[in-house]
Engineer: 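This is the structure I want to talk about, given as structure tokens.
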Amino acid sequence: MKNKIFNIVSALFGLLLINGGLNKFFNYLPVPENLPEPLLKDSKALMEISWLMPLIATAELTGGLLILFPRTRAMGLLIVLPVMTGVLLTHLTVAPDGLIMALIIWIVIGWIIWENRNKFLPLLR
């Protein structure tokens, strides 16, 4: 039962990442009107670097697809970990309204790391 729940949660996380990556390419989700000014400023700064958003979107898409499958889940997590670190830091420093969701995502990340610890431990040796 735990394995089924873990696979469902991981699949939802992967789909969340795929949706985020696709939205960066196709802009199909509306941008909320009440975003904090510092967040708008940071977003504009990110978009000034022409290659950065496509890189983030590609990392989200690739990582999300890999996270969907148990065999490649650890590799997918390694790909999206820098992006998710940026998301967490953004919500800690600039947009605290989304901090709860960012922390939930990091709980899922921690669970994926724990369940794949046998794949990650050799990296620490």
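This structure is a prediction, so every number in the text was calculated from the model and none was measured. As a basis for the values below, the full set of heavy atoms in this structure was taken, side chains included, without hydrogen atoms, waters or symmetry mates.
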Engineer: Clusters formed by hydrophobic residues whose side-chain heavy atoms approach within less than 4.5 Å: which one holds Leu121, and what are its other members?
Structural biologist: Leu124
Engineer: Applying side chain to side chain donor-acceptor pair (under 3.5 Å), can you list everything that pairs with Lys4, at least two apart in sequence or on another chain?
Structural biologist: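 Listed in chain order: nothing, the list is empty.
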Engineer: Keeping Asn23 on the side-chain end and Asn19 on the backbone end, is there a donor-acceptor pair under 3.5 Å?
Structural biologist: no
Engineer: Do other residues, nucleotides or ligands put more than 12 heavy atoms under 6.0 Å from Phe120 CZ?
Structural biologist: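 Count over threshold, so yes.
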Engineer: Honestly curious: do Trp111 and Leu16 fall in one hydrophobic cluster under the side-chain, below-4.5 Å linking rule?
Structural biologist: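 Cluster IDs for Trp111 and Leu16 match.
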Engineer: Do Val87 and Leu103 sit in one hydrophobic cluster, given that two such residues count as connected whenever their side-chain heavy atoms are within less than 4.5 Å of each other, even indirectly?
Structural biologist: yes
Engineer: Tell me every residue that passes side-chain contact (heavy atoms from CB on, under 4.5 Å) with Leu61, counting only those two or more places apart in sequence or in another chain.
Structural biologist: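 With neighbours one apart ignored, the set is Ile18, Leu22, Phe25.
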Engineer: If the condition is salt bridge (charged side-chain N to carboxylate O under 4.0 Å, His left out), which residues does Lys44 pass it with, not counting sequence neighbours?
Structural biologist: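 Expected list: none.
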Engineer: Evaluate side chain to side chain contact (heavy atoms under 4.5 Å, CB included) for Ile67 paired with Thr72, printing each intermediate quantity in order.
Structural biologist: CA-CA 6 Å; Ile67 286 171; Thr72 57; over 6 Å; no
Engineer: Run the side chain to side chain contact (heavy atoms under 4.5 Å, CB included) check on Leu68 and Leu15 step by step: do they pass?
Structural biologist: CA-CA 8 Å; Leu68 289 177; Leu15 291 172; 4.2 Å; yes
Engineer: Trp114 and Ile112: same hydrophobic cluster, using ILVMFWY side-chain contacts below 4.5 Å?
Structural biologist: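 No; Ile112 is not reachable from Trp114 via cluster members.
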Engineer: Rounded at 0.5 Å granularity, tell me how far CD1 in Ile113 sits from NZ in Lys119.
Structural biologist: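 Result: 13.0 Å between the selected atoms.
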Engineer: How long is the gap from CG on Leu55 to CG on Leu46, to the nearest 0.5 Å?
Structural biologist: 11.5 Å
Engineer: For Ile100, look at atom CD1 and say whether over 12 heavy atoms of other residues, nucleotides or ligands are found less than 6.0 Å away.
Structural biologist: no
Engineer: Between atom CG of Asn116 and atom CZ of Arg71, what is the distance when rounded to the nearest 0.5 Å?
Structural biologist: 13.0 Å
Engineer: Residues in side-chain contact (heavy atoms from CB on, under 4.5 Å) with Thr93, at least two apart?
Structural biologist: none
Engineer: Please report the interatomic distance CG(Asp42) to CD(Glu37), rounded to the nearest 0.5 Å.
Structural biologist: 10.0 Å
Engineer: Go through the structure and list residues passing side-chain contact (heavy atoms from CB on, under 4.5 Å) with Ile8, not counting sequence neighbours.
Structural biologist: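 Ile8: side-chain contact (heavy atoms from CB on, under 4.5 Å) contacts with Leu12.
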Engineer: Kindly work out whether a path of hydrophobic side-chain contacts (I/L/V/M/F/W/Y, heavy atoms less than 4.5 Å apart) joins Tyr28 to Ile56.
Structural biologist: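 The answer is no; the residues belong to distinct hydrophobic clusters.
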Engineer: Just verifying a value: how many Å separate Met84 CE and Phe13 CZ, rounded to the nearest 0.5 Å?
Structural biologist: 5.5 Å
